[in-house]
Amino acid sequence: MPDSRSTVLENRDLGGGVWLLRFRDPTIADDVGPGQFVMIACSPPYEPLLLRRPFSIQRVEGDVYEVLYRDVGKGTHRMTKMQVGDEVQVLGPLGNSFTMPRPDETAVLLGGGVGIPPMVALADALEAAGHTRWAAYVGVSGIVDEGCFVGFDERWPNDDRVRRATMDGSIGFEGHVVAAWLDRGITGPTRAYACGPMVMLRAVADTAGTHDVPCEVSVETMMGCGVGACMSCVIENRAYRDGDEAARKSMSPYDRWLLACRKGPVFPSDRIVLDDGGFLH
Amino acid sequence: MPDSRSTVLENRDLGGGVWLLRFRDPTIADDVGPGQFVMIACSPPYEPLLLRRPFSIQRVEGDVYEVLYRDVGKGTHRMTKMQVGDEVQVLGPLGNSFTMPRPDETAVLLGGGVGIPPMVALADALEAAGHTRWAAYVGVSGIVDEGCFVGFDERWPNDDRVRRATMDGSIGFEGHVVAAWLDRGITGPTRAYACGPMVMLRAVADTAGTHDVPCEVSVETMMGCGVGACMSCVIENRAYRDGDEAARKSMSPYDRWLLACRKGPVFPSDRIVLDDGGFLH
Amino acid sequence: MTDLSVRIGDVVAKNPVMLASGTAGYGPELSGGLDMSRLGGFVTKGIAVHPWEGNAPPRIAETPGGMLNAIGLQNVGLEAFLEDKVPYLNRMRTADTVVAVNVIGKTVQEYHDVAKGLRGCDAIDALELNISCPNIKEGGIAFGTDCVAAAEVTAATVEGSDKPVWVKLSPNVADIASMGVAVEEAGAAALSVINTLLGMAIDLEKRRPLLSLGWGGLSGPAIKPVALRMTWQVSQACSIPVLGMGGIRSAKDALEFMVCGATAVQIGTANFANPNTAAEVVDGMTTWCDERGIERISEIVGTLNA
Amino acid sequence: MTDLSVRIGDVVAKNPVMLASGTAGYGPELSGGLDMSRLGGFVTKGIAVHPWEGNAPPRIAETPGGMLNAIGLQNVGLEAFLEDKVPYLNRMRTADTVVAVNVIGKTVQEYHDVAKGLRGCDAIDALELNISCPNIKEGGIAFGTDCVAAAEVTAATVEGSDKPVWVKLSPNVADIASMGVAVEEAGAAALSVINTLLGMAIDLEKRRPLLSLGWGGLSGPAIKPVALRMTWQVSQACSIPVLGMGGIRSAKDALEFMVCGATAVQIGTANFANPNTAAEVVDGMTTWCDERGIERISEIVGTLNA
Ligand SMILES: Cc1cc2nc3c(=O)[nH]c(=O)nc-3n(C[C@H](O)[C@H](O)[C@H](O)COP(=O)(O)OP(=O)(O)OC[C@H]3O[C@@H](n4cnc5c(N)ncnc54)[C@H](O)[C@@H]3O)c2cc1C
Ligand SMILES: Cc1cc2nc3c(=O)[nH]c(=O)nc-3n(C[C@H](O)[C@H](O)[C@H](O)COP(=O)(O)OP(=O)(O)OC[C@H]3O[C@@H](n4cnc5c(N)ncnc54)[C@H](O)[C@@H]3O)c2cc1C
Ligand SMILES: Cc1cc2nc3c(=O)[nH]c(=O)nc-3n(C[C@H](O)[C@H](O)[C@H](O)COP(=O)(O)O)c2cc1C
Ligand SMILES: Cc1cc2nc3c(=O)[nH]c(=O)nc-3n(C[C@H](O)[C@H](O)[C@H](O)COP(=O)(O)O)c2cc1C
Ligand code: FES
Ligand code: FES
């Protein structure tokens, strides 16, 4: 008896907890004696999932909010199966927010891939506050990922303030977002904001540092609880690592690692070490 | 931020593995700062399932076979969610079959609840073999379970040979299947077959014993593999337990426990001990 | 309605459901709007005499039916704890929720010092000695796998403390019952069973552990059968109360631990998947007992027919 | 194409994927049409010198991400094994699949006697000493949790045997590396890591264990982190090959064990959920190695950067 795939023809609720299942399967139905049985896999073997997954809120409209996500693993893959009308348990909103720019500052928003959502949220907030002096540089690898642009595309489809970049040049600027930013140049009082892969955040922070631009980044560490209870989501405190002996001595070792879910996810880029030893993407 | 239930409004595939989820949730959408995030439960916490579940084949028609099951736990509950068109991994047919009666024998089929399916399979086999001399006594607790009768109802809706029994008298004979059988009386050469809860099988076996009726029962032990590989599905060998000292000495201790998936699920009722210490229903 | 209260030695909890150490911070982190007054008890994150850094990230990884953690006991230290965290714990006491402080150290002396430092602190009902944390390179686990060392650190803490001392046992031993007996004899007032199992998860492509420390502690439903077995073994071998834990997600899980000998239970990992777990467990227990006409939940403790 | 063959001491397996003892009977029970010639190796159900009854049912229970079993090593005994089972094992040898016989006993002498009884049996490539079965009331586990006893039973079996002796270690210990070292010194040719973790599951309403024995051995994905950690520890401490197992369901799982130091792997519980698991693991390994240009799979063994 080889293992076989049977197709469900009917799965009838007969009431009282009794159900009738009918399958089509020539292999099995071929030669059955009365009293024989089958072993049904009630579900494929799979990874049980315990922990919630964190996602940035991209946009809020009335009582509706949206989340942009990439199917990268167990949890996000399941999310692709959510059906209209499903009820999903969600904890939030969590964490802190970006600091608003001063009125004279140009807000530069840099987003990479699924790091674009917080930039959409920020652009919405800036517009709502009447701060129209902003420019967004949003990048993905190529046309295959252009879905990540949806937040900007929907609201600012032909807005000069939004510059799209792709690594392969298939859309907009060819290269990464920092190159796109520098390509336009940094003029006048500027404040930078970024979210994306660690390597991108580092490039943004370096550039901001070089140009004396205040900069905030949103970091995406591994999170167990999202509320400060598990202490898993830490990112290193720059003052602790780079401070001189005296400075470090004056700090508590407890403050070496900062909880990204509670003190963040937004940090001044010079406050944290943008290097996770390559553990995150 | 209290935990909240958000309703999926849209879950859009944007290509390249990128998806857009939109939720409705006034609680969360109420007061969100740019950069904040949510923790989404990608699935409710649940029991991961590993092992397959065994079910009798109730009926085969062409390349279609059917299984009748009751939603009693993790696996069967999931089965209720199977959708038309789903592909389900099934191993089978497994196990042995009932012995056919001699032409002069009346086959008495006794089925209780979700133990009725093998009796349907046997009735079908008897009919196919031209052996119309059979009588079925099928019982459930009451009208709430009458779905269990579906196999007999569909093929023999008004057949005198089928006697339905309920414990509460709501349908047919009031009482258990053995009482229904005895009510009609045992006349002429008879061979009994049974499947159902352990307590019912014991009553059938006792009655068969008293009336010198050869009897076969199908037992439903806990099964890990269904093919003889895990040795989990055992039932006690009566010869080993009840045999005299000499008889037992002549047997291998290995033969105390019989594998129900391979030597069974059908056994002569006097070959096994119909008592599992109350572990099964 | 069933009386849900239980006695852990001299400590009376209004119900047997507590939050496990390290999974709800120092209290304010109680997540998802869980009403702390619903809780029978609450155990803080481990506290050492001095602040500790903890490990570099990543500190957690999900595994089949469970998770690994290697937080490394990052903690504010005794002084900051007394100053910043105790006020909130006082509110818990007012809400009639038992408060236990999880105590960690690298030497016997350090355990003793924390106990002494917490003397006179009325916000606290008990200490829970963590002699079993697998997530630090030194200390912790060594005490947890050796009867003599475990007894020594227990005795020193008991001596330093004015509160009952619960000892949290490591499951990474061949014979947990002997560990329980050893610390009971050394003066423990109760036993917390179990801490996490040592485990590892790796990134196949990068060929390195998923956790920066290399290994971590396995918790969650995956370990429930081990935890249940150890709860049973320890409660059979010892006469002090057992606090059972390991993979509890539901009232049914919690009641199973009690039937296996736990006077009370703690909930850890499940808080992350569903922050309201503890309240749901209390509700489920109430219903379960009511339906069965059980007058006092303590009646069911250790009633397993094994 | 990648060379999948591996050497376990003097035994060469054409690929590193074996079926674990107790999960595929004596061979003919190989289920679901799995083609045995695809397997690198196969380990039989435990064999004692005399037939054993095993435990009363229920013998298994499902748990979160795993299962408990307390089969109790029901087995036909040495004599019937040689007579009835060996012919099939011969077919496996012909198919170039390594055959190991899992050996059990209640005394050192019994282990020795099985080894002696299997002398000269060409169908068999190796013995796997099960000193770690938690499912019998006497013997088994005691050998598995004590270094001296483990070394003694290993030495006696090696002395009685004309085949390489692999020793299967128990995870129910504080320090599995020392166990590995002890049996290596006693003459083991390889180490199988791990057997099941002791666990318990209960029926809350009936207030009794789900397994007739009371407890059982936990296997399946739930224990994978523990198994991976122990595979790493043992392979770091010992110089003989390690056969890794515990919760393997996929090529990725299997490769993780190899990166953590396993020369080969065994698949147990997953066979029940999907009888074709082992063949799928072999296929997946091939693809994985091909895609990465790995010439010999043995290159990846123990390459973890920890
Ligand atoms: C504050 C915050 C906001 C985020 N916002 C978004 C967002 O708007 N859109 C989006 O697509 N993603 C976002 N992420 C990342 C997202 O949480 C992860 O992609 C997701 O958790 C992966 O889950 P999984 O089960 O699919 O992956 P897993 O199967 O768990 O792992 C697959 C891969 O994802 C990585 N990963 C797993 N968990 C995390 C995590 N918490 N953070 C980062 N990487 C992880 C793993 O290292 C691994 O490489 C955010 C993360 C944080 C912390
Ligand atoms: C050969 C054979 C044929 C069967 N035929 C049918 C059938 O045609 N229709 C039908 O409804 N049921 C049948 N059963 C029983 C069916 O397999 C169980 O009801 C099912 O496995 C329960 O799975 P679950 O995950 O829903 O329950 P679980 O959540 O695993 O357990 C719920 C309850 O079901 C009991 N149970 C679990 N597994 C089994 C098992 N293998 N056998 C008996 N009881 C079990 C448990 O003791 C528990 O009380 C058969 C069993 C066998 C061995
Ligand atoms: C993220 C995390 C942090 C933990 N920190 C501690 C700790 O500081 N002290 C301690 O004794 N136990 C700690 N534990 C162990 C838990 O208190 C508990 O014993 C274990 O997780 C088993 O229970 P569970 O399966 O319900 O989580 C921690 C567990 C987790 C998951
Ligand atoms: C039903 C069952 C029976 C087993 N019987 C044996 C046995 O006879 N001898 C042995 O050494 N191990 C036995 N084991 C242990 C397995 O060989 C293996 O070590 C363990 O299950 C871990 O691997 P897995 O998670 O892939 O199942 C058995 C396991 C199961 C599930
Ligand atoms: S995610 Fe738990 S503390 Fe930040
Ligand atoms: S179910 Fe595995 S041997 Fe019968």
Side-chain angles (χ1 to χ4, degrees), chain C residues 61 63-68 134 141 144-146 170-176 197-209 213-218 220-233 247 249 251-253 255-260 288 292 300 303-306, chain D residues 61 63-68 134 141 144-146 170-176 197-209 213-218 220-233 247 249 251-253 255-260 288 292 300 303-306:
Chain C
T63 68
M67 67 177 281
L68 289 169
I141 193 84
T145 56
D146 180 78
S170 168
N172 303 293
V173 296
D175 179 7
I176 196 166
L197 280 162
L198 264 174
M200 203 163 159
I202 75 165
D203 182 322
L204 177 60
E205 298 310 327
K206 297 183 182 154
R207 299 203 201 159
R208 66 177 185 182
L213 183 68
W215 65 86
L218 183 63
I223 69 167
K224 192 185 131 197
V226 176
L228 218 45
R229 184 259 298 179
M230 291 186 163
T231 295
W232 173 245
Q233 287 179 314
R249 275 183 297 182
K252 186 173 162 294
D253 290 337
L255 290 160
E256 288 178 16
F257 275 84
M258 296 186 74
V259 166
C260 285
W288 191 87
R292 282 153 194 81
I300 73 164
T303 53
L304 187 76
N305 305 302
Chain D
T63 67
M67 68 178 280
L68 288 169
I141 193 84
T145 56
D146 179 80
S170 167
N172 302 294
V173 296
D175 179 8
I176 197 165
L197 280 162
L198 263 175
M200 203 163 159
I202 76 165
D203 181 322
L204 177 60
E205 298 310 328
K206 297 182 182 154
R207 301 205 198 158
R208 65 178 187 185
L213 183 68
W215 65 86
L218 183 64
I223 69 168
K224 194 187 130 197
V226 176
L228 218 47
R229 184 259 298 181
M230 291 186 163
T231 296
W232 172 246
Q233 287 179 316
R249 275 183 298 181
K252 185 172 164 294
D253 289 338
L255 290 160
E256 288 178 16
F257 275 86
M258 295 185 74
V259 165
C260 285
W288 191 85
R292 283 154 193 80
I300 73 164
T303 54
L304 187 75
N305 305 303

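None of the values given here were measured: they were computed from a predicted structure. Any value given below was found using the heavy atoms of this structure, including those in side chains, with hydrogens, waters and symmetry copies removed. Below, chains carry the letters A, B, ... as their sequence lines are ordered, and counting in each starts from 1.
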In this structure, which one of D/Val226, D/Thr231, D/Leu304 forms a side chain to side chain contact (heavy atoms under 4.5 Å, CB included) with C/Met200?
-> D/Leu304
Could you grab the distance from atom CD1 of D/Ile202 to atom CG of C/Asn305, nearest 0.5 Å is fine?
-> 10.0 Å
Looking at D/Ala227, D/Gly247, D/Ala222, which makes the most heavy-atom pairs under 4.5 Å with chain C?
-> D/Ala222
Name the member of D/Ala61, D/Gly199, D/Ala201 that forms the most heavy-atom pairs with chain C at distances under 4.5 Å.
-> D/Gly199
Dump the intermediate steps for side chain to side chain contact (heavy atoms under 4.5 Å, CB included) on D/Leu204 and C/Trp288, then the final yes or no.
-> CA-CA 11 Å; D/Leu204 177 60; C/Trp288 191 87; 3.6 Å; yes
Side chains of [X] and [Y]: closer than 4.5 Å at any heavy-atom pair?
X        : Y        : answer
D/Arg229 : C/Leu197 : no
D/Arg292 : C/Glu205 : yes
C/Arg207 : D/Ile300 : yes

In short, D/Pro225 meets C/Leu68 closest at the heavy-atom pair CB-CD2, 4.1 Å
